[in-house]
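Below is one structure, written out as structure tokens; comments come after it.
Here is how names work: the chains are called A, B, and so on, in the same order as the sequence lines, proteins then strands, and each is numbered from 1.
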There are 2 protein chains.
Amino acid sequence: MRGSRDVRRPATLASLAAELGVSRTTVSNAYNRPDQLSAPLRARVLEAARRLGYPGPDPVARSLRTRRAGAVGLLLTEALSYAFRDPAATGFLEGLALACERAGSGLLLVPVSPELADVTAVHQAGVDGFVVYSVREDDPHFKAVLERPVPTVVCDQPLHVEGVDRVGIDDRAAMLDLARHLTGLGHRHIGVLCMRLGTGRYDGPADDARQNGATYPVQRNRLGGLRDGFAEAGIDWAGIPVHERFAHSVDAGQAAAAELLAAHPEITAIACTSDILALGALRHAAERGLAVPEDLTITGFDGVPEGLRSGLTTVRQPVLEKGRAAGELLLERGDRNRPRTVVLPTELIVGTTSAVPRSPERWFSGW
Amino acid sequence: MRGSRDVRRPATLASLAAELGVSRTTVSNAYNRPDQLSAPLRARVLEAARRLGYPGPDPVARSLRTRRAGAVGLLLTEALSYAFRDPAATGFLEGLALACERAGSGLLLVPVSPELADVTAVHQAGVDGFVVYSVREDDPHFKAVLERPVPTVVCDQPLHVEGVDRVGIDDRAAMLDLARHLTGLGHRHIGVLCMRLGTGRYDGPADDARQNGATYPVQRNRLGGLRDGFAEAGIDWAGIPVHERFAHSVDAGQAAAAELLAAHPEITAIACTSDILALGALRHAAERGLAVPEDLTITGFDGVPEGLRSGLTTVRQPVLEKGRAAGELLLERGDRNRPRTVVLPTELIVGTTSAVPRSPERWFSGW
DNA sequence: CTGAAAGCGCTAACAT
DNA sequence: ATGTTAGCGCTTTCAG
């Protein structure tokens, strides 16, 4: 005997009602409003349901009727699987999942084909709202999300979108602190590694035009924070080499660090706009036999567990809190008034990967 | 001007059709079957849609009509957020996400209240099928999933469910190998740390009755593999202390190791049924000043990145592949014939946490 | 290439 | 406490 598993949705609420000789409302109530019918009748209904293999009200039909899907959609820049690979994303999602859990809402990961502009997945998603995690300003999927008549909350990027709530951090201020830390230590020749700045797959040096044209405000702001901090110490941003990597991975960071140091051997510090890249830089240093921080200072951004474990000097941002805040903004919106922005605090973590530079510059730039 | 964001689903396919003086079919076709109407007409439709702020066909209504939700549901034992915290789960999900991505299917994380038997979330989920990740045999959520008239694939547990595909590994055989490794090194006094065996929150020694009554076949099999392996070396399972932990965390492993060693100081090796627990045991050893593997051998199971990085002796299982296989089983089912079971290979990884025991037993048990 | 008709399965007023 | 009446918004034969 195979039970109800192989029947193709044999029973519906209506058929059950007919079978029992009661109205559809009664059957519906048996499931949704137990207090609206007598216990014995309800028992009869449920018993008949079991007997006929009726699995309860169809969720899709119910959603259509109630205009509630019971789920929030999540849109990521990257491929879906990236969500589980990047530690910062993972932390964010954990927080978001926590909020969903509390609200009894499902979390639908929307399958976006990374660079393909196939937006159908966004249209397909039966959700009550979207959380958008750090996508570029002109992302077509994001545009599609905005067209859907459901509330949306953005994490990090894009900034300032009409009618959309946002949760993020002050990337610029956080990076400014980090820049001061570096210049305070005495670094004057600093290289920068940053994440992708544009749409196209590009790896290499990023000149000023490219930096300013970046469609990722977060990267723009982190670079901006560095620039401001360096300026305070009299360091001209024009002299700072910035290398960009399309892929966000330890390998990419390693390669970028190699490239950067090869082109600019005078560098005493590498500031990375993410911990992942910094971990790559660390690996490159190890491979090259460079002592960190004695020969080379390396800093990150994010404060992911693996970075912290490596003693990385970095900025810790509350990724889990970001996720939770995003979820709450979306789900517990009693005040649908005007858009809210939540800016969470960050913290400069001085680890063991930053120190006073070996002092060639002292010799040469002194008195 | 606020654009279309604040309108409450103003336009529908029908209203658009009326506005344009065409039939609903035509509007529908404009979206779903571009080849079924003239280009200019289609353009007119799309233009009017834009003008009226019509976001395209409602996904829920479409799902009701087409009987396709375009998403697969994921059921976990633990709270939703656990999915992002446990490295083995994360790997599984990455694989599953990959498969979903390929199939253009969304992935809906079903919000289960861990121990609460509130099954509504399962009923609420608008999905075309379920992937069930390692839940206990009598999980009420799982029961609810089985009642839904959609295909289901199980990962790991429960075993053998009528009409349900499954992907897993041979836990027993894998653990048998590990047991042989331990006895081969000469260990005779071995303690075991295992994950939760039952429904209730229990931490402590697990006697035979408890082991046999476990509702988690995976744990049962892993313990069984150890028992078989020890038996081969003439070690009686009755003399093997097994300690169980409800929570699956490094902290729990640490506490359990402390408890185990306190109660059984003669132990020379701790076999853990997961890497997470083993990492905890490692931490306890460090804390106690026990050298691993000189003073104490510790082994894990899973082969999660952090375990491997720590040099753990363990069994590596292909978590990502499991996820992918589960997704493919569910999504690419051309052969809806009889249930399939996919058993993936595992590999014994001998790391730096296992070695020949310091030899008190040699002195005492010798000639 | 376009339209008319017929529901998909359900819930929510509003009666009774 | 139970039934009647209307759809929710869409797709899909089947005719024209």
Side-chain angles (χ1 to χ4, degrees), chain A residues 7-45 48-49 52-70 120 123-128 148-150, chain B residues 7-45 48-49 52-70 120 123-128 148-150:
Chain A
V7 214
R8 328 173 119 254
R9 176 150 268 278
T12 77
L13 190 146
S15 73
L16 224 193
E19 172 85 14
L20 279 159
V22 303
S23 84
R24 302 205 288 294
T25 309
T26 300
V27 179
S28 176
N29 282 339
Y31 286 93
N32 304 318
R33 293 145 115 107
D35 52 316
Q36 295 298 296
L37 73 178
S38 61
L41 177 52
R42 174 152 194 263
R44 250 182 70 216
V45 171
L52 271 67
Y54 175 65
D58 180 288
V60 174
R62 165 189 279 155
S63 286
L64 175 58
R65 184 63 238 237
T66 61
R67 315 264 57 206
R68 278 206 71 246
T120 57
H123 290 137
Q124 211 98 293
V127 296
D128 301 320
R148 294 277 308 262
V150 294
Chain B
V7 215
R8 327 171 122 254
R9 177 152 266 277
T12 76
L13 190 146
S15 73
L16 224 192
E19 172 85 14
L20 278 159
V22 303
S23 83
R24 303 206 289 293
T25 310
T26 300
V27 178
S28 177
N29 282 338
Y31 286 94
N32 302 318
R33 293 145 114 107
D35 52 315
Q36 295 298 296
L37 74 179
S38 64
L41 176 52
R42 172 150 195 267
R44 250 182 68 216
V45 171
L52 271 67
Y54 176 65
D58 179 290
V60 174
R62 164 189 278 154
S63 286
L64 175 58
R65 186 60 236 239
T66 60
R67 313 263 58 200
R68 279 207 69 247
T120 57
H123 290 137
Q124 210 98 294
V127 297
D128 300 319
R148 294 277 309 262
V150 294

For T26(B), which residues count as a side-chain hydrogen bond (donor to acceptor under 3.5 Å, both in side chains) partner, sequence neighbours excluded? S23(B)

Side chain of L41(A) only, heavy atoms from C-beta on: which candidate in dT2(D), dA12(C), dC10(D) is closest? dT2(D)

Taking N or O atoms only and anything under 3.5 Å, show me the protein contacts with nucleotides 14-16 of chain D, one pair per line.
none

Under the salt bridge (Lys or Arg N to Asp or Glu O under 4.0 Å) test, residues paired with R68(B) that sit two or more places apart: D128(B)

Please list, chain by chain and in numerical order, all residues satisfying side chain to side chain contact (heavy atoms under 4.5 Å, CB included) with R65(B), sequence neighbours excluded. none

Considering residues at least two apart in sequence or located in another chain, which fulfil the side chain to side chain contact (heavy atoms under 4.5 Å, CB included) criterion with A14(A)? T12(A), R24(A)

Show your working on side-chain contact (heavy atoms from CB on, under 4.5 Å) between Y31(A) and L13(A) and close with a plain yes or no. CA-CA 10 Å; Y31(A) 286 93; L13(A) 190 146; 5.7 Å; no

Specify the angle, to 10°, made by the local axes at the two ends of the helix from dC1(C)-dG16(D) to dT16(C)-dA1(D) when five pairs are taken at each end. 30°

H123(A) NE2 - dC10(D) P separation (whole Å): 12 Å

The side chain to side chain contact (heavy atoms under 4.5 Å, CB included) partners of A18(B) (sequence neighbours excluded) come to none

Can you name the closest pair of heavy atoms from A30(B) and V45(B) and give their distance? CB-CG1, 3.7 Å

Rounded to the nearest 0.5 Å, the CZ atom of R62(B) sits from the NE2 atom of H123(A) at a distance of 9.0 Å

Which one, dG9(C), dT11(D), dT2(C), comes nearest to the side chain of L64(A)? dG9(C)

Does any donor atom in the side chain of N29(A) or R42(A) lie under 3.5 Å from an acceptor atom in the other side chain? no

Could you work out which one of dC10(C), dA12(C), dG9(D) sits closest to the side chain of Y54(A)? dC10(C)

Which pair of non-hydrogen atoms, one from A49(B) and one from L16(B), has the smallest distance, and what is that distance? CB-CD1, 3.8 Å

What integer distance in Å separates R62(B):CZ from dC8(D):C1'? 16 Å

Report the residues that fulfil side-chain hydrogen bond (donor to acceptor under 3.5 Å, both in side chains) with S15(B), sequence neighbours left out, ordered by chain and then residue number. none

In residues 17-26 of chain A, what residues come within less than 4.0 Å of DNA chain C, judged by heavy atoms? R24(A), T25(A)

Whole angstrom is fine here: how far is it from CZ in R42(B) over to C1' in dT2(C)? 16 Å

Per the under-4.0 Å heavy-atom filter, residues of residues 27-38 of chain A near DNA chain C come out as S28(A), N32(A), R33(A)

May I have the distance from D58(A) (atom CG) to dG7(C) (atom P), rounded to whole angstrom? 18 Å

Length of the CZ-P vector between R67(B) and dG9(D), whole Å: 18 Å

I need the minimum non-hydrogen distance between V60(A) and S63(B), along with the two atoms involved. CG1-CB, 3.7 Å

Applying side-chain hydrogen bond (donor to acceptor under 3.5 Å, both in side chains), can you list everything that pairs with T25(A), at least two apart in sequence or on another chain? none

Begin with the C-alpha distance, continue with both residues' side-chain angles, and end with the deciding distance and a verdict on side-chain contact (heavy atoms from CB on, under 4.5 Å) for L37(A) and R44(A). CA-CA 11 Å; L37(A) 73 178; R44(A) 250 182 70 216; over 6 Å; no

Whole-Å distance between dG9(D) P and R148(A) CZ? 13 Å

